[in-house]
Amino acid sequence: YHATPEQVFAVLSDKAFQNAKCAATAAIEHEATVEAKGERTVITTERVLPSDGLPDFARSLVGPTLKVVETQNWGPANADGSREGTVDMLVVGAPMSLKGTVRLEPGGPGTLEHIDAELKAKVPLMDRLTALPVASTK
């Protein structure tokens with residue numbers, strides 16, 4: 001970003017920016033909150049998104065829409081303006097989540113943002129077990 005870490009964080013932690021971010025992702029509905037909890041800043045967005053871009057098997061798991069909840073929990077700024085936090089994202093009602101860390105630091109033209117996260121999706125291979133006959137050896 002062409003701005004200081006302080007300026008970048010001021011935008012990221014602005015509720016109006018978070019609402020604009022949600023609207024820009026084609027959310028059918030969305031809600032954003034930004035809360036100060038001690039020295040930490042917690043940014044939460046909830047988005048209801050259409051699932052029409054998903055493969056058929058995935059759409060059958062989530063239905064016509066999916067609700068995505070993202071929480072960023074940022075720590076206080078360091079002397080150079082850098083800060084670190086965590087990011088958690090889950091798709092409500094689906095076996096999918098993302099967990100990781102986020103970091104803002106001075107660098108490049110102003111500020112670099114790093115995201116290191118792991119996306120986990122558990123896709124069931126079958127939706128129910130079928131009883132199979134067992135041979136008896138009497």
Side-chain angles (χ1 to χ4, degrees):
Y1 301 103
H2 291 280
T4 67
E6 294 88 351
Q7 292 168 321
V8 171
F9 189 73
V11 171
L12 292 177
S13 60
D14 180 70
K15 185 176 177 179
F17 171 79
Q18 291 297 324
N19 278 313
K21 178 181 85 170
C22 291
T25 60
I28 298 166
E29 300 173 28
H30 67 273
E31 181 180 349
T33 59
V34 178
E35 299 176 278
K37 293 189 176 184
E39 291 189 332
R40 303 194 69 80
T41 302
V42 180
I43 303 165
T44 304
T45 59
E46 294 184 13
R47 295 176 246 193
V48 176
L49 301 164
S51 66
D52 29 338
L54 296 175
D56 289 340
F57 77 90
R59 197 170 36 252
S60 71
L61 292 173
V62 298
T65 62
L66 55 138
K67 183 176 183 178
V68 177
V69 179
E70 176 185 354
T71 303
Q72 294 182 18
N73 188 330
W74 289 93
N78 296 310
D80 64 355
S82 64
R83 60 175 74 221
E84 296 180 8
T86 59
V87 61
D88 292 292
M89 188 180 300
L90 66 98
V91 179
V92 177
M96 185 180 301
S97 65
L98 179 135
K99 291 189 178 293
T101 59
V102 289
R103 188 172 76 248
L104 291 176
E105 65 183 36
T111 298
L112 300 173
E113 181 177 21
H114 301 274
I115 301 172
D116 183 16
E118 182 175 51
L119 175 67
K120 290 187 178 183
K122 298 176 184 174
V123 180
L125 296 177
M126 55 183 115
D127 59 357
R128 65 176 173 241
L129 295 174
T130 304
L132 299 174
V134 178
S136 175
T137 56
K138 286 188 179 185

More than 12 foreign heavy atoms under 6.0 Å from NZ of Lys21: is that the case here?
yes

Hey, any chance Leu119 and Val91 share a hydrophobic cluster, counting ILVMFWY side chains that come within less than 4.5 Å of each other, even indirectly?
yes

Report yes if the side chains of Leu12 and Leu104 come closer than 4.5 Å at any heavy-atom pair, otherwise no.
yes

Taken to the nearest 0.5 Å, the spacing of Thr86 OG1 from Asp116 CG works out to 12.5 Å

Is any side-chain heavy atom of His30 less than 4.5 Å from a side-chain heavy atom of Asn19?
yes

Below 4.5 Å, heavy atoms only, C-beta onward: do Ser82 and Pro5 meet side chain to side chain?
no

State, yes or no, whether a side-chain contact exists between Glu113 and Val8 at a heavy-atom distance under 4.5 Å.
no

Supply the atom-to-atom distance Glu46 CD to Thr71 OG1, rounded to the nearest 0.5 angstrom.
8.0 Å

Looking only at heavy atoms, the pair that brings Ile28 and Leu49 closest together is CD1-C, 4.1 Å

Verify same cluster id: Val87, Leu112 (apolar side-chain graph, 4.5 Å)
no

Provide the closest heavy-atom pair for Thr25 versus Cys22 in the form atom of the first, atom of the second, distance.
OG1-O, 2.7 Å

Please say yes or no: joined through hydrophobic side-chain contacts below 4.5 Å, possibly via intermediate residues, are Val68 and Phe17 part of one cluster?
yes

So CD of Glu70 and CD1 of Ile43: to nearest 0.5 Å the spacing works out to 8.5 Å

Any donor-acceptor pair under 3.5 Å linking the side chain of Thr111 with the backbone of Ala3?
yes

Is there a side-chain contact between Thr44 and Val69, using heavy atoms and a 4.5 Å cut-off?
yes

Does any non-hydrogen side-chain atom of Thr41 lie less than 4.5 Å from one of Phe9?
yes

Tell me, with the steps shown, if Lys15 and Gln18 meet side-chain hydrogen bond (donor to acceptor under 3.5 Å, both in side chains).
CA-CA 5 Å; Lys15 185 176 177 179; Gln18 291 297 324; over 6 Å; no

Which atom of Gly85 lies closest to which atom of Arg40, heavy atoms considered
CA-NH2, 4.3 Å

If hydrophobic clusters are built by linking Ile, Leu, Val, Met, Phe, Trp and Tyr wherever their side-chain heavy atoms come under 4.5 Å apart, do Val34 and Val102 end up in the same one?
yes

Does any part of the side chain of Lys99, heavy atoms only, come nearer than 4.5 Å to the side chain of Lys120, both counted from C-beta?
no

Hydrophobic clustering (ILVMFWY, side-chain heavy atoms < 4.5 Å, transitive) - are Met96 and Val92 grouped together?
no

Without swapping roles, check the side chain of Arg83 against the backbone of Gly75 for a donor-acceptor pair under 3.5 Å.
yes

Is there a side-chain contact between Ser97 and Asp88 (heavy atoms, below 4.5 Å)?
no

